[in-house]
Number of protein chains: 2
Amino acid sequence: MAAKAAEKLLIQQSSGPQSRREILDAAARLLKTQGYRATTLRDIAEAVGMKAGSIYYHFGSKNEIVAAVMNDGVDWVFEAVTSALRDLPSSANQREKLVAAIAAHLNALLEYSDYTSACLKSYNDAPDEVRRAARTHRRRYEAIWVKLIDEIVAAKSSPKRVSPDTLRRAVLGMMNWSPEWYRSGRHSIETLAKEFADILLR
Amino acid sequence: MAAKAAEKLLIQQSSGPQSRREILDAAARLLKTQGYRATTLRDIAEAVGMKAGSIYYHFGSKNEIVAAVMNDGVDWVFEAVTSALRDLPSSANQREKLVAAIAAHLNALLEYSDYTSACLKSYNDAPDEVRRAARTHRRRYEAIWVKLIDEIVAAKSSPKRVSPDTLRRAVLGMMNWSPEWYRSGRHSIETLAKEFADILLR
DNA sequence: CCTACCGATCGGTAGG
DNA sequence: CCTACCGATCGGTAGG
């Protein structure tokens, strides 16, 4: 009896880890456009062809889904920028490093990763419990920019009288504001990265 | 009978325009911290010591309140930047104009106007009907920055190879991202404005 | 993984 | 300006 019930469950559900990822993909896509409050479990369920209650077979709560999306989103852009810097020749100068980092960040945010843009869009509206979970990831990512900008300032490649904190906040602001105006196809991320670097460097 | 009912109404309500403005003030304060979806009519009503249904004595809908806040918020920062530029001596150079405009914008966004920050926070989550109403105001405001940045680029005071569009989006991004990290008292808007201008100018 | 449902809350309305 | 209420919708649960 119990075995038969278990068998029935196996037929009704898709392969476990796969639908988990499908749910996160759908949630990321909805979160990046609608934000935390407007994205309902019913929206997510419908996007993956499920009923609302079935989501709880894969996740314990809406916030667990949102937290997973946000953490993955930060980790994704962390990996993108880290590997972009790692792939640079050791002869690369400050400007080339900065352009590579900006391009990788913009690419994750604007083209590649619904997860990264979902995090940016939803972070401030998510409850404290979710934000606390994401904070560790965010700090790890921001450390990349602290180091990069500090190096630039130390090498006197940045404008005089501008503190490292302000310079870092400026570049993050320029980049993270871009979803407000960027249109895929109409703008080139490589060109934007070079322009942003030209603004920031002396 | 009808006169007596009207008299009773007059006793129960505060003076009309005043509570209208109180409602908008409360809505602006809630919208700037919680955003469009999380700000409920019950929140707004409670903040002004009313019951939820009574709000409809002053406004036709939640969206009417939100639209009024957003339009006022853009008009406020428009006036702040316009008068800051007007008050400059005619001998003012590009850098002084840019610093004045940035300081006025940051001041409205970070210190003075709940309405301006409410608009920034809520615009993307508000329904189309509200955004359409605000769009006219936003375009009028953005025209200030188009003109200012175009003048700077024409005077060759900006970095080479950076288009006016990108330079304008960069400064707006730097400024509009500031609510993410700015802490009143710990940062000086005057200092920030000068640093931002130093980043943007050659 | 679905059906059926719960309590809470939302924007808004009727009637006074 | 309040009381009392409406239909819709939310996150979440029980039971299969």
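Nothing here was measured: the structure is a model prediction, and the numbers come from that model. The basis for the numbers below is simple: all heavy atoms, side chains too, and nothing from hydrogens, waters or symmetry mates. Labels below follow one simple rule: chain letters A, B, ... track the order of the sequence lines, proteins then strands, and each chain is numbered from 1.
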Would you tell me whether Glu195(A) and Thr166(B) have side-chain atoms, one donor and one acceptor, within less than 3.5 Å of each other? yes
Regarding the side chain of Lys51(A), the nearest nucleotide among dC1(C), dT3(D), dC2(C) is dC2(C)
Whole Å only: how far is the CG atom of Leu41(A) from the P atom of dG11(D)? 5 Å
Spacing between Glu64(A) atom CD and dG12(D) atom C1', to the nearest angstrom: 13 Å
Looking at CZ of Arg140(B) and OG1 of Thr82(B), how far apart are the two atoms once the value is rounded to the nearest 0.5 Å? 7.0 Å
Non-hydrogen atoms of Asn176(A) and Pro179(A) that approach each other most closely: O-CD, 3.2 Å
Are Arg202(A) and Asp198(B) within salt-bridge range, i.e. N to O under 4.0 Å? no
Just how far, in rounded Å, is C1' of dT9(C) from NZ of Lys62(A)? 14 Å
I need the CD1-P distance between Ile55(A) and dC10(D), as an integer number of Å. 13 Å
Going by an N to O cut-off under 4.0 Å, is there a salt bridge joining Lys121(A) and Asp125(B)? yes
Candidate nucleotides dC10(D), dG12(D), dG11(C), ranked by approach to the side chain of Thr40(A) - the nearest: dC10(D)
Taken to the nearest whole Å, CD1/Ile44(A) to P/dG12(D) is 10 Å
Less than 4.0 angstrom from a charged side-chain N to a carboxylate O is my criterion; do Lys32(B) and Asp114(B) meet it? yes
Among dG12(D), dC1(C), dC2(D), the one nearest any side-chain atom of Arg42(A) is dG12(D)
Over how many whole Å does the gap from Glu46(A) atom CD to dC1(C) atom C1' extend? 17 Å
Is it true that atom NZ of Lys194(B) has more than 12 heavy atoms of other residues, nucleotides or ligands lying nearer than 6.0 Å? no
Between atom CG of Leu192(B) and atom OH of Tyr182(B), what is the distance when rounded to the nearest 0.5 Å? 7.5 Å
Check the distance between dC10(C)'s P and Asn63(B)'s CG and give it to me in whole angstrom. 16 Å
Could you run down the sub-3.5 Å N/O contacts of the protein with nucleotides 13-15 of chain C?
none

Glu46(A) CD: over 12 foreign heavy atoms closer than 6.0 Å: no
DNA chain C base-pair string [pairs: Watson-Crick or G-U under 3.5 Å; |: paired with another strand]: ||||||||||||||||
Can you tell me how far P of dC2(D) sits from OH of Tyr57(B), to the nearest Å? 12 Å
Heavy-atom count check: over 12 atoms from other residues, nucleotides or ligands less than 6.0 Å from Tyr112(A) OH? no
Parallel, tilted or perpendicular for Tyr141(A) and His105(A), by the 30°/60° rule? parallel
Please check the phosphate of dG11(D) (OP1 and OP2 only) for any side-chain N or O of Ser61(A) closer than 4.0 Å. no
Mind listing the residues from residues 26-39 of chain A sitting with a heavy atom below 4.0 Å of DNA chain C? Number order is fine. none
Qualifying residue, where the test is side chain to side chain contact (heavy atoms under 4.5 Å, CB included) with Arg168(A) and the options are Ile152(A), Leu148(A), Val146(A): Val146(A)
